[in-house]
Amino acid sequence: MGAETQRERTTATESEDETFVERWARGSIADPERTYRVLFYIVAISFLVTTLFPFYWLTVVALTPQGNLTDVGLLPNGFNPSAFVEVFTTVPFHIYMINSVIIGLLTTALVLLLASLAGYAFGRFEFPGRTPLMLIFLAISYFPPAAFLLPLFELFTANITFFTLPGGSEVASPMLFNGPGAMVLPYSALFLPLSIFILTTFYSQIPDGLEDAARVEGNTRLGALFKVIMPLSAPGVATAGVLTFIAVYNEYFFAFLMTDGRAQNWGTIVWGLLSYQGRFQTSYNLMAAASLIGVIPIAILVVMAQEKIVSGMTAGGLKE
């Protein structure tokens, strides 16, 4: 009894001498589920603060009348829901949104087509230099877009002469300024490497027997790609497509340089947001309302493809 009492006293003394971190570590080892719950709450609160609060603040600013924005707090200083209507009457914001959606869809379709062909080659074939070539593609995606702005501007404004014909006429670069091609082509080049990497990972996991069965039934390699491999890799295709569309929808560098910003000349949604900024006054409530409206297409896309995106993010790194 004396030995047990002495041991209990020693344990109690050690517990008193432990720091908070040591007690937390010992408790986490004894009850790991409690630690998981605490970490979950920390991540959830951080997500709410860093992600959802900006949308709440935009809502507060959008509902506050323009004249009351100098004294706005966590609640709207007034109530002006008509701002969500004025964004379309003050500026043709719907045209800017449509332009961004069309450019995003065109770029996504082109990127998925080219990335599927390249991903099929990288994922299904063995050839010399495959790994270095893939690394080169990935390195291109890390180039700063500003490095291409001036050369592409000269190219797409017909300022580069390729060669001169015998009669003296010159063959110059095409005039793509104020058109979708001046944005779709650079966007495709910038966002193509990441899609190639994603689709290569997925296409390499498809068993060879499924492709061989499609070939036996008379399909070519392209037929097997579009009929068998791409449907089985739907999570990866959806992930690459959604990431590309979101990146193009929010891009501003090339849209600023390749257009004059007017809606009829393929000005994008960022140009539309900046249109509420005048020379002497900025309509911050309209800009906030337009920002909330502009998020709607992205939100709809993510909700529709969320299952494919989650499975694509998790399954893409697994090898059967």
Side-chain angles (χ1 to χ4, degrees), residues 54-55 58-59 61-62 66 69 82-112 143-160 172-192 241-302:
F55 289 99
L58 285 175
T59 305
V61 175
Q66 178 68 19
L69 287 175
S82 62
F84 291 93
V85 178
E86 294 179 17
V87 295
F88 298 106
T89 57
T90 305
V91 171
F93 189 70
H94 57 290
I95 303 298
Y96 287 105
M97 289 184 60
I98 293 174
N99 293 342
S100 293
V101 170
I102 293 176
I103 292 173
L105 292 176
L106 291 175
T107 304
T108 302
L110 182 59
V111 166
L112 289 181
F143 283 9
F148 305 101
L149 288 178
L150 293 180
L152 288 178
F153 179 80
E154 293 291 326
L155 179 66
F156 294 153
T157 53
N159 288 321
I160 296 180
S173 57
M175 182 63 179
L176 299 180
F177 186 76
N178 279 339
M183 290 171 283
V184 171
L185 295 178
Y187 293 160
S188 300
L190 287 175
F191 304 125
L192 183 61
V242 170
L243 293 178
T244 300
F245 182 85
I246 293 176
V248 173
Y249 188 81
N250 296 319
E251 207 280 334
Y252 178 64
F253 273 135
F254 287 98
F256 176 80
L257 192 67
M258 300 303 175
T259 66
D260 58 10
R262 291 184 292 180
Q264 62 270 27
N265 291 334
W266 292 92
T268 59
I269 189 171
V270 183
W271 269 113
L273 294 175
L274 294 179
S275 299
Y276 300 104
Q277 181 177 355
R279 184 175 180 181
F280 301 103
Q281 183 181 8
T282 299
S283 301
Y284 291 106
N285 59 336
L286 299 183
M287 188 177 293
S291 299
L292 292 173
I293 295 174
V295 175
I296 294 177
I298 299 296
I300 294 175
L301 177 64
V302 172

Compare every heavy atom of [Y] with every heavy atom of [X], then report the nearest pair and how far apart it is.
{"X": "Pro151", "Y": "Ile160", "result": "O-CD1, 4.4 Å"}
{"X": "Ala83", "Y": "Ala289", "result": "O-CB, 4.0 Å"}
{"X": "Tyr96", "Y": "Ser275", "result": "OH-OG, 3.6 Å"}
{"X": "Pro297", "Y": "Gly294", "result": "CD-O, 3.3 Å"}

Side chains of [X] and [Y]: closer than 4.5 Å at any heavy-atom pair?
{"X": "Val87", "Y": "Val91", "result": "no"}
{"X": "Thr282", "Y": "Met287", "result": "yes"}
{"X": "Trp266", "Y": "Asn178", "result": "no"}
{"X": "Leu155", "Y": "Leu152", "result": "yes"}
{"X": "Ile103", "Y": "Val248", "result": "yes"}
{"X": "Leu243", "Y": "Phe191", "result": "no"}
{"X": "Phe93", "Y": "Phe88", "result": "yes"}
{"X": "Leu106", "Y": "Ile102", "result": "yes"}

Please indicate whether [X] has more than 12 foreign heavy atoms, meaning atoms of other residues, nucleotides or ligands, lying under 6.0 Å from its [atom1].
{"X": "Phe177", "atom1": "CZ", "value": "yes"}
{"X": "Tyr252", "atom1": "OH", "value": "yes"}
{"X": "Phe148", "atom1": "CZ", "value": "yes"}

Thr107 side-chain N/O to Gly104 backbone N/O, donor-acceptor pair under 3.5 Å | no
Got a donor-acceptor contact below 3.5 angstrom from the Asn99 side chain to the Gly267 backbone?
->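 Yes; at least one donor-acceptor contact below 3.5 Å.
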Measure the [atom1]-[atom2] distance between [X] and [Y] for me, rounded to the nearest 0.5 Å.
{"X": "Leu273", "Y": "Met97", "atom1": "CG", "atom2": "CE", "value": "10.0 Å"}
{"X": "Leu149", "Y": "Leu257", "atom1": "CG", "atom2": "CG", "value": "5.5 Å"}
{"X": "Asn285", "Y": "Gln66", "atom1": "CG", "atom2": "CD", "value": "4.5 Å"}
{"X": "Ile95", "Y": "Ile269", "atom1": "CD1", "atom2": "CD1", "value": "12.5 Å"}

Taking the inter-plane angle between the rings of Phe256 and Trp271 on a 0 to 90° scale, is it parallel (under 30°), tilted (30 to 60°) or perpendicular (over 60°)?
-> parallel
Aromatic plane relationship, Phe245 with Tyr249 - under 30° parallel, 30 to 60° tilted, over 60° perpendicular | parallel
Mind checking side chain to side chain donor-acceptor pair (under 3.5 Å) for Thr244 and listing every partner two or more places apart, or none if nothing turns up?
-> Ser195
Under the side-chain contact (heavy atoms from CB on, under 4.5 Å) criterion, do Thr268 and Thr259 qualify, and how do the steps go?
-> CA-CA 9 Å; Thr268 59; Thr259 66; over 6 Å; no
Contacts table for residues 180-188: side-chain donor-acceptor under 3.5 angstrom, sequence neighbours left out:
residue: Tyr187; atom: OH; partner: Glu251; partner atom: OE1; Å: 2.5
residue: Ser188; atom: OG; partner: Val184; partner atom: O; Å: 2.7

